[in-house]
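A quick write-up on the structure given underneath.
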Amino acid sequence: MALPPPALAPALAPALAPAPALVLTRLMLRDFRSYPALTVPFQSRIVVVSGENGAGKTNLLEAISLLAPGRGLRGARTAEFGRRAGGESLPWAAAGRFESLPWSGFDIGTGTPEGGPPERRTFRLDGAPVRSQAELAERVATVWLTPQMDRLFQDGASDRRRFLDRLVWALEPHHAREVAAYENAMAQRNRLLGQERRGDRVDPQWLAALEDAMARHAVAAAARRGLVGRLNETLAGGITGAFPATRLELQCAVAGALGQAPALAVEEGLREGWASGRRRDAVAGGAVEGPHRADLLFTHVPKDLPASLCSTGEQKALLVAVVLAHAGLIAAARGFAPLLLLDEVAAHLDATRREALFAALAALPAQAFLTGTDAGIFRPLAGIAEGFRAEGGELVPDSDLAVPSGASIPI
Ligand SMILES: Nc1ncnc2c1ncn2[C@@H]1O[C@H](COP(=O)(O)OP(=O)(O)OP(=O)(O)O)[C@@H](O)[C@H]1O
Ligand SMILES: [Mg+2]
């Protein structure tokens with residue numbers, strides 16, 4: 001079956017085109033979840049992993065996601081990664097060999113330190129210890145789409161905020177600290193207001209200091225706003241013909257105010273608002289206003305419908321569009337296209353959208369890893385992708401998706 005010609009949005013193509021791809025050419029795992037020992041070379045820009053439920057497809061993508069800063073695509077705790085044997089979690093390791101300009105090739109390893117506790121995790125770059133995750137962020141980036149994200153439109157606003165914060169964080173590493181500092185100050189203020197309500201005396205200066213900290217860190221809302229604006233620019237035309245134009249809207253009074261007034265004036269307004277709203281917030285059990293109430297709305301532009309009213313496949317298409325646009329922004333910011341980890345991405349897409357996705361991936365200068373239970377749906381990728389079947393803690397080459405002839409990965 002021939003792939004339809006890719007119709008990349010004009011905005012996305014230049015965002016990604018000048019950036020070389022980051023390419024994972026070898027992955028090694030030791031006692032990582034369901035993998036006792038695995039060494040697998042990757043020779044193509046599109047890699048398909050199929051297999052039954054529980055075969056280890058998501059584990060594999062998770063291992064790759066852990067080669068970049070952060071807690072990986074499941075957001076799991078380090079102690080969960082070690083293969084369970086005899087009721088215990090074994091020490092584990094994951095290592096990847098990467099090719100990416102301007103470096104000729106480098107190795108990143110992560111896992112439990114020799115003789116260290118299972119909840120600790122260290123990184124090595126070309127065999128040497130890595131001091132800060134920023135050092136890794138210069139070299140490696142991953143973006144992912146997982147079946148858990150399908151619930152995004154039905155879940156509460158806090159899940160969409162977390163989704164947005166993760167996208168911001170991938171581009172602005174200090175964002176996570178700002179959000180955490182804001183939430184920490186707010187939690188302390190909520191506790192004090194609760195004590196006051198129960199009749200304890202609370203020092204108003206203490207409350208004012210916490211409100212001051214909240215106001216200073218509320219500027220994190222500006223980073224959210226900035227990213228939504230840049231994503232919208234990329235998304236305006238739709239990623240491909242089969243993927244709908246998508247519009248994002250950040251619903252957040254603070255972010256809106258930051259777009260109209262200097263940050264210092266907004267901070268001052270927030271401090272005053274929280275100071276005069278203490279009684280109201282005490283009754284409500286927490287701050288009624290602030291960037292912690294923000295929500296991210298997605299609109300299917302051609303239908304002018306909120307994503308929550310779209311079909312499952314349409315929602316998936318919106319998410320694919322957002323994730324590819326985000327990859328484009330990372331490529332523009334870092335100078336290399338991130339690895340795309342697309343778990344079960346084809347499941348809810350019809351044949352037309354699936355092939356449009358494959359065509360878009362074939363045209364993007366990024367390496368993509370795709371998983372699915374049904375190997376058959378990846379057949380249109382024959383000659384473009386290499387395939388593996390996950391089974392028994394191993395990856396077995398899939399003869400229907402042999403390494404494309406003459407595959408030398410362009411970087
Ligand atoms: N720490 C661990 N030690 C041993 N096995 C684990 C560990 N963590 C997860 N597993 C097992 O790994 C197996 C594979 O999980 P994974 O999520 O990768 O499957 P999958 O191929 O993505 O399946 P599905 O199609 O259902 O999504 C599961 O059976 C799970 O129980
Ligand atoms: Mg899975």
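Counting starts at 1 for both ligands and their atoms, in listed order. Throughout, residue positions are numbered sequentially from 1 according to the sequence presented. Keep in mind that what you see is a predicted model, and the values were worked out from it rather than measured.
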Quiz item: Of all residues at least two apart in sequence or in a different chain, which pass the salt bridge (Lys or Arg N to Asp or Glu O under 4.0 Å) check with R161?
Solution: none

Practice problem: Check step by step if salt bridge (Lys or Arg N to Asp or Glu O under 4.0 Å) holds for R124 and D107. | Solution: CA-CA 8 Å; R124 297 182 88 79; D107 295 290; over 6 Å; no

Quiz item: Any donor-acceptor pair under 3.5 Å linking the side chain of R160 with the backbone of D155?
Solution: yes

Quiz item: Under the 3.5 angstrom rule, does the side chain of H175 hit a backbone N or O of R224 as a donor-acceptor pair?
Solution: no

Going by distance alone, is a donor N or O of one side chain under 3.5 Å from an acceptor N or O of the other, for [X] and [Y]?
X    : Y    : answer
T146 : D343 : no
N59  : R74  : yes
R121 : T110 : yes

Quiz item: Are R278 and E211 close enough for a salt bridge, meaning some N to O gap below 4.0 Å?
Solution: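 Counted as a salt bridge, because a side-chain N and a carboxylate O are separated by less than 4.0 Å.
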
Quiz prompt | With sequence neighbours excluded, residues passing ring-ring contact (aromatic ring centres under 6.0 Å, His included) with F98 | solution =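 F106.
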
Quiz item: For the Mg ion (ligand 2), which protein N/O/S atoms are closer than 2.8 Å?
Solution: T58 OG1

Quiz prompt | Those protein residues which place at least one heavy atom below 4.0 Å from ligand 1 | solution =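 Contacts of ligand 1 under 4.0 Å: R33, S34, E52, N53, G54, A55, G56, K57, T58, N59, R74, E80, G82, R83, R84, E344, T373.
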
